[in-house]
Amino acid sequence: MMNKERLISGLEMMGVAYDQTAIERFEAFHAILDEYNARMDLTAVLDEDERIDRHDLDSAAPLAQGLLAPEAKIIDVGTGAGFPGMPLLILRPDLKMTFLDALNKRILFLEDALKRLGLSAQTLHARAEDAARMADHREMYDVAVSRAVASSATLMELTLPFVRQGGVSISWKGPGVQEEMTAAKRAAFVLGGTVRGVVPAPVPRRDDWAHVLLITDKTGKTPKTYPRKAGTPNKKPLA
Ligand code: SAM
């Protein structure tokens with residue numbers, strides 16, 4: 001059973017608003033994750049408290065920072081089992097969320113979970129490099145979010161092409177982000193972005209984690225040659 005008190009006190013410590021429906025949906029989402037995990041390898045199996053901290057509260061970081069405008073159109077690039085997109089949508093059902101992943105079994109899981117939670121969102125089974133060349137998705141989002149998908153320079157190429165000018169890319173990073181910063185700034189520049197910087201994203205009761213959000217503004221258009229073909233951003237990061 002999910003430890004509701006831990007989730008609620010964590011959200012309160014972060015200053016993130018929630019309602020009863022959100023807490024019920026988190027509980028239901030955890031149960032659906034367990035159900036799927038019993039028959040397929042969906043996420044690392046964590047104990048309930050760690051799942052709340054590592055997945056739910058960590059994913060909510062941009063809400064603590066007031067980074068997501070009402071009804072913002074967001075794409076979660078490499079969402080896996082729905083992080084950070086699902087906790088963000090549970091807490092803010094006004095968001096227009098698209099969940100993207102290259103692995104179809106994760107997309108099928110998310111479609112089932114969304115239906116059972118009574119949430120609406122778009123799902124997309126594709127490589128980010130291919131989806132960002134589709135007219136419906138290229139430079140169509142206010143925000144691209146991504147967690148645990150690639151190095152910062154690679155992530156620029158996987159996220160910035162989705163973001164409209166004036167929008168923002170938000171990546172979840174650890175303390176090692178500073179070592180990636182020079183390459184990330186160069187890659188962002190090539191792709192029409194400007195790194196704004198990192199903001200601390202502390203998870204309550206986990207002072208040793210030192211999580212941050214890397215924030216990049218979309219200040220120009222992404223040149224047509226980007227993203228390069230699937231796999232190249234990973235193999236040969238820009239910079
Ligand atoms: N974001 C989730 C989280 O934080 O728990 C999942 C992280 S998991 C380590 C990385 C996910 O990114 C996988 O589900 C993988 O299929 C997806 N992924 C990696 N590269 C991708 C790409 N180029 N396009 C789409 N999905 C990608």
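Each ligand, and each atom within it, is numbered from 1 in the order the structure gives. Keep in mind it's a predicted model, so treat the numbers as computed, not measured.
The option with the heavy atom closest to atom 13 (C) of ligand 1, from among His55, Glu129, Arg106, is Arg106. For atom 25 (C) of ligand 1, the candidate residues are Leu100, Leu42, Asn104; the nearest heavy-atom contact is made by Leu100. With atom 15 (C) of ligand 1 as the reference point, the heavy atom nearest to it among Asp101, Leu155, Ile107, Leu158 is part of Asp101.
Looking at Leu103 next to ligand 1, no N or O pair under 3.5 Å apart turns up. At least one N or O atom of Ala128 sits closer than 3.5 Å to an N or O atom of ligand 1. For ligand 1, one of its N or O atoms has an N or O atom of Arg147 under 3.5 Å away.
Note that OG1 of Thr123 is 3.5 Å distant from CD of Glu111, once rounded to the nearest 0.5 Å. To the nearest 0.5 Å, atom CD1 of residue Ile75 and atom OG of residue Ser146 are 10.5 Å apart.
At least one heavy atom of Ala126 sits under 4.0 Å from some atom of ligand 1.
For atom 26 (N) of ligand 1, the closest heavy atom belonging to the protein is Ala102 N, 3.3 Å. The nearest heavy-atom contact from the protein to atom 8 (S) of ligand 1 is Ala148 O, 3.7 Å.
Taking the charged nitrogens against the carboxylate oxygens, Glu50 and Arg206 have no contact shorter than 4.0 Å, which rules out a salt bridge.
Side-chain polar atoms of Arg25 and His30 form no donor-acceptor pair below 3.5 angstrom.
Taking every non-hydrogen atom of Gly80 and a distance limit under 4.0 Å, the qualifying atoms of ligand 1 come out as 6 (C), 14 (O).
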